[in-house]
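See below for the structure under consideration.
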Amino acid sequence: MHDTLEQSRVQQRARLLDWLGGQQQAMQDLLHRIVDIDSGSRDEAGILAVAQALRERLEAAGVAVRFEDVPGYGVLLHADVPGPGEGAPIYLMGHMDTVFPAGTVARRPFRVEEGRAYGPGVADMKSGLVLNVFVAEAFARCGGLGAPLKLFFSCDEEIGSPATRQTIMDTVRGARAVFNAEPGRVSGNLVTSRKGSMAVEFEVQGVAAHAGINHAAGASALEAMARKLLALHALTDPATGTTTNVGVLQGGIVPNMVAPHAKAELDVRYTAQTDPDALMERIRAIVEEESVPRTQGRVTAVRRTLPMAPTPDALLQLYRRGAQSLGFDVQGEFTGGAADSGLTASVGVPTLCATGPVGGHPHTEREYCELATFVPRAQAVALAIFDHP
Ligand SMILES: [Zn+2]
């Protein structure tokens, strides 16, 4: 009895790998189709069109798909792979939005050159969406699931998930694992921890005065801003992994006027070991301090992404064992870039990120996807699901 079970598992595993092994061209075709749809964040029609294309493929394989409206942003795609209904599910996650505005596809549509695909969002992360869809389809067609398998694709990741962060956390809470299909690193590596980020906008109000006639009557918002910038940059600490960067600075009116106003945008990155509230309090204190007499600073906006707590080693090793049996190996990497995997890890769900095909130069015109990694990385995700305890 045990032998037959064992045998049928071996056969099931081979069926999954075989089926995925034959899908290279179909994966590429679906990638072509969705890369050629502009779907920048907040492009509701574009996001919906991408979701529809994925839905068609999934439903044809018997995977039930449901859209959830996110007004102003598009839709969320939820899908359930038919199989065992018991126990905590495994999620294949991704985001359908890109950083590229409408019109980008017309200028530089999908193309393939020397084994690499190019086009807006081709790596980050339309190829990852395609990979997840085919893994789901593989299980729908071949069976072999030990736990419920679900897809969850969001629509506003590239702008920090303002509309969907709560839904993401509520959806995956209690799940067995999340595989987030951000592009694999150029090395092929996965991402096993990420920094969190804060985008802080602030302004300084000073007192205008003629710089020649009554200089002393003025209070320079620019001088105050310069002092704040230095104090904020001094919060950078390589020992804790915290970085601060004032990347945008505006202020003043004309050279012969003491500047009455200045504003700036600060980017902060921190690890899961850092208390973000305490860090934000230090930032607020610097902004609100009267750095120059009679000036006033205030924070005008804060946007946060959560750090991704380290992936449990068991999950990384599970993926690695599958990958090794397919003939490649990967390591886990740490990155300063934020992603939705931070949200899923923050609710305690073991999360492995960058399980998509290998890609490079995301968020640039040179972005590419390494097409030869499509099938093996889809197979590796499928094995990690198949072998998941
Ligand atoms: Zn991404």
Side-chain angles (χ1 to χ4, degrees), residues 31 34-35 37-43 46-47 50-51 54 70 73-77 91-101 104 110 117-133 135 151-165 167-168 172 178-197 199 267 269 303-308 311 332-346 351-370 373-374 377-378 381:
L31 180 63
I34 64 172
V35 167
I37 300 169
D38 280 316
S39 66
S41 307
R42 299 195 179 88
D43 181 345
I47 304 265
V50 169
L54 300 176
V70 186
Y73 297 89
V75 292
L76 299 172
L77 183 152
Y91 277 93
L92 295 172
M93 220 171 77
H95 62 83
M96 298 180 285
D97 60 324
T98 75
V99 295
F100 299 103
T104 308
F110 181 87
Y118 296 84
V122 69
D124 186 8
M125 57 179 285
K126 290 187 169 172
S127 56
L129 297 174
V130 171
L131 182 147
N132 280 349
V133 163
V135 169
L151 298 180
F152 176 76
F153 295 165
S154 76
C155 56
D156 60 349
E157 192 271 349
E158 294 291 3
I159 50 173
S161 314
T164 63
R165 58 175 42 222
T167 309
I168 292 170
V172 304
V178 167
F179 297 94
N180 192 35
E182 290 286 350
R185 317 295 284 176
V186 173
S187 59
N189 281 347
L190 304 178
V191 170
T192 46
S193 60
R194 290 178 180 273
K195 289 186 183 181
S197 72
D267 177 276
R269 306 278 161 148
R303 289 193 314 279
R304 287 188 186 192
T305 63
L306 294 169
M308 175 190 166
T311 304
E333 266 186 33
F334 174 76
T335 167
D340 280 340
S341 41
L343 296 170
T344 62
S346 78
T351 299
L352 195 55
C353 196
T355 53
V358 169
H361 303 304
H363 299 198
T364 74
E365 304 226 332
R366 293 179 299 149
E367 177 183 18
Y368 68 87
C369 166
E370 212 65 84
T373 66
F374 236 136
R377 290 176 77 92
V381 171

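Whatever order the structure lists ligands and atoms in, that order sets their numbers, starting from 1.
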Practice problem: Please determine, by modelled atom types, if T164 and S154 share a side-chain donor-acceptor pair under 3.5 angstrom. | Solution: no
Quiz prompt | Pair N180-H95, side-chain donor/acceptor within less than 3.5 Å | solution = no
Practice problem: Using only N, O or S atoms, tell me which atom of E182 is closest to the Zn ion (ligand 1). | Solution: OE1
Practice problem: Report the distance from atom CG of D340 to atom CZ of F152, rounding to the nearest 0.5 Å. | Solution: 8.0 Å
Quiz item: Would D124 count as a contact for the Zn ion (ligand 1), in the sense that one of its N, O or S atoms lies under 2.8 Å from it?
Solution: yes
Quiz item: Any idea which N/O/S atom from H95 gets closest to the Zn ion (ligand 1)?
Solution: NE2
Practice problem: Please work out which of the three classes, parallel, tilted or perpendicular, describes the rings of Y368 and Y118, given edges at 30° and 60°. | Solution: tilted
